[in-house]
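Each remark here refers to the structure printed beneath this line.
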2 protein chains.
Amino acid sequence: MKKSSVKFSPSDKCPVRTVLDRLGDKWSVLVILLLGAKGSVRFNHIQKEIGDVSQKMLTITLKSLEADGIVSRHVFAEVPIRVEYRLTERGESLLPHIQQLSDWAEENMRQILKDRKQYVA
Amino acid sequence: MKKSSVKFSPSDKCPVRTVLDRLGDKWSVLVILLLGAKGSVRFNHIQKEIGDVSQKMLTITLKSLEADGIVSRHVFAEVPIRVEYRLTERGESLLPHIQQLSDWAEENMRQILKDRKQYVA
DNA sequence: CTGTATCCCGTGAGATACTG
DNA sequence: CAGTATCTCACGGGATACAG
């Protein structure tokens with residue numbers, strides 16, 4: 001079993017970057033966690049739950065995640081229209097890793113914030 | 001064992017965001033992976049390995065990570081001066097999660113890029 | 001309800017030059 | 001070698017208004 005290594009060559013498309021650049025935006029991770037927790041959720045509900053994401057950014061975020069095959073979009077031709085989003089299989093396979101990161105964050109946040117304050121450049 | 005849940009309340013400092021906002025920048029993750037793989041590395045070497053990070057951004061990245069207690073900085077009063085960086089315990093505890101994400105990325109990148117291309121808005 | 005279309009601004013980040 | 005200091009610019013992302 002080879003050590004999990006990373007290609008750091010300049011223009012070479014480092015896989016970590018390709019994916020993390022997307023996850024690194026302001027909302028993707030939150031959306032994934034939310035869908036992971038709630039299953040199938042409609043647009044409006046996602047926005048309410050996250051609380052401070054604009055319509056524009058939520059649309060963009062969902063489209064990116066959809067383009068990457070991480071969430072799927074389901075339209076119900078009701079009136080008023082209903083659109084629900086859920087994780088794809090790929091999204092589900094990503095979820096646990098995000099969750100672990102989230103858990104780590106939760107455990108360490110308090111101390112990190114403390115350290116951050118005490119740190120003097 | 002309670003379900004790993006996330007606080008999505010608006011102004012509430014969501015831990016995921018607090019941490020991921022930092023990790024979400026362009027270079028932090030790569031630095032962590034590099035230090036995780038190589039142990040103690042000097043400034044210049046990090047820059048060479050990553051390949052396309054500017055001095056300015058590498059400095060900022062390292063300082064942020066240091067402020068968060070994820071990497072530590074060691075100065076050797078030689079001439080020319082030598083400065084080495086390594087993961088702290090906290091950094092080490094974060095590393096496996098980043099690595100898993102990285103591995104996931106490596107496994108799924110090819111297909112994601114393909115999907116991304118075929119996706120039509 | 002679920003988006004799109006603009007306008008606009010702050011900041012992330014590169015290039016370059018300089019210092020201890 | 002390991003940074004700092006500016007300058008500059010593009011773009012992420014918010015506010016608002018409009019559309020299907």
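The structure presented is a predicted model; accordingly, all values stated were derived computationally and were not measured.
- Taking atom CD of residue E84(A) and atom C1' of nucleotide dC1(C), one finds them 12 Å apart after rounding to whole Å.
- Atom P of nucleotide dG12(D) and atom CG of L58(A) are separated by 17 Å, given to the nearest angstrom.
- Per the geometry, CD belonging to Q55(B) stands 13 Å off P belonging to dG14(C), to the nearest Å.
- Atom NE2 in H74(B) sits about 18 Å away from atom C1' in dC1(D), given to the nearest Å.
- Defining each end axis of the helix from dC1(C)-dG20(D) to dG20(C)-dC1(D) as the rotation carrying four pairs' C1' atoms onto the next four, with five pairs an end, the two axes are found to diverge by 50° to 10 degrees.
- Atoms CD1 (I81(B)) and P (dT19(C)) sit 18 Å apart, rounded to a whole Å.
- Residue R22(A) places no side-chain N or O under 4.0 Å from the OP1 or OP2 atom of dG12(D).
- The salt bridge (charged side-chain N to carboxylate O under 4.0 Å, His left out) check on D25(A) picks up nothing, with sequence neighbours excluded.
- The side chain of K63(B) contributes an N or O atom lying less than 4.0 Å from OP1 or OP2 of dT4(D).
- One interatomic measurement links the two molecules: CD1 of I46(B) to P of dA2(D), which rounds to 9 Å at whole-angstrom precision.
- Residues L94(A) and L101(B) are in side-chain contact: their nearest non-hydrogen atoms beyond the backbone lie under 4.5 Å apart.
- Rounded to an integer number of Å, the gap from F76(A) CZ to dG20(D) C1' is 19 Å.
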Check: protein-nucleotides 7-13 of chain C nitrogen or oxygen pairs below 3.5 Å:
unit_1  : atom_1 : unit_2 : atom_2 : d
dA13(C) : OP1    : K26(B) : N      : 3.3
dA13(C) : N7     : K56(B) : NZ     : 3.2

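- With a 6.0 Å radius and a threshold of 12 heavy atoms from other residues, nucleotides or ligands, R116(B) has its CZ atom above the threshold.
- Residue-level contact check: Y85(B) touches the backbone only, with heavy atoms under 4.0 Å from sugar-phosphate atoms and none from bases.
- Applying the side-chain contact (heavy atoms from CB on, under 4.5 Å) criterion to K26(B), with sequence neighbours excluded, gives no partner residue.
- Within the structure, salt bridge (Lys or Arg N to Asp or Glu O under 4.0 Å) contacts touching residues 90-101 of chain B (residues at least two apart or in different chains) are D115(A)-R90(B).
- For T59(A), there are no side chain to side chain donor-acceptor pair (under 3.5 Å) partners two or more places apart in sequence or in a different chain.
- Phosphate contact (OP1/OP2 of dT2(C), side-chain N/O of R42(A), threshold under 4.0 Å): present.
- Remark: P of dG13(D) and CZ of R17(B) are 11 Å apart, rounded to the nearest angstrom.
- Annotation: side-chain contact (heavy atoms from CB on, under 4.5 Å) contacts of V79(A) (sequence neighbours excluded): none.
- Under the rule for a side-chain contact (heavy atoms from CB on, under 4.5 Å), the partners of R82(A) that lie at least two apart in sequence or sit in another chain are R42(A), F76(A), E78(A), E84(A).
- Residues passing the side-chain contact (heavy atoms from CB on, under 4.5 Å) test with I60(A), sequence neighbours excluded: K56(A), M57(A), S64(A).
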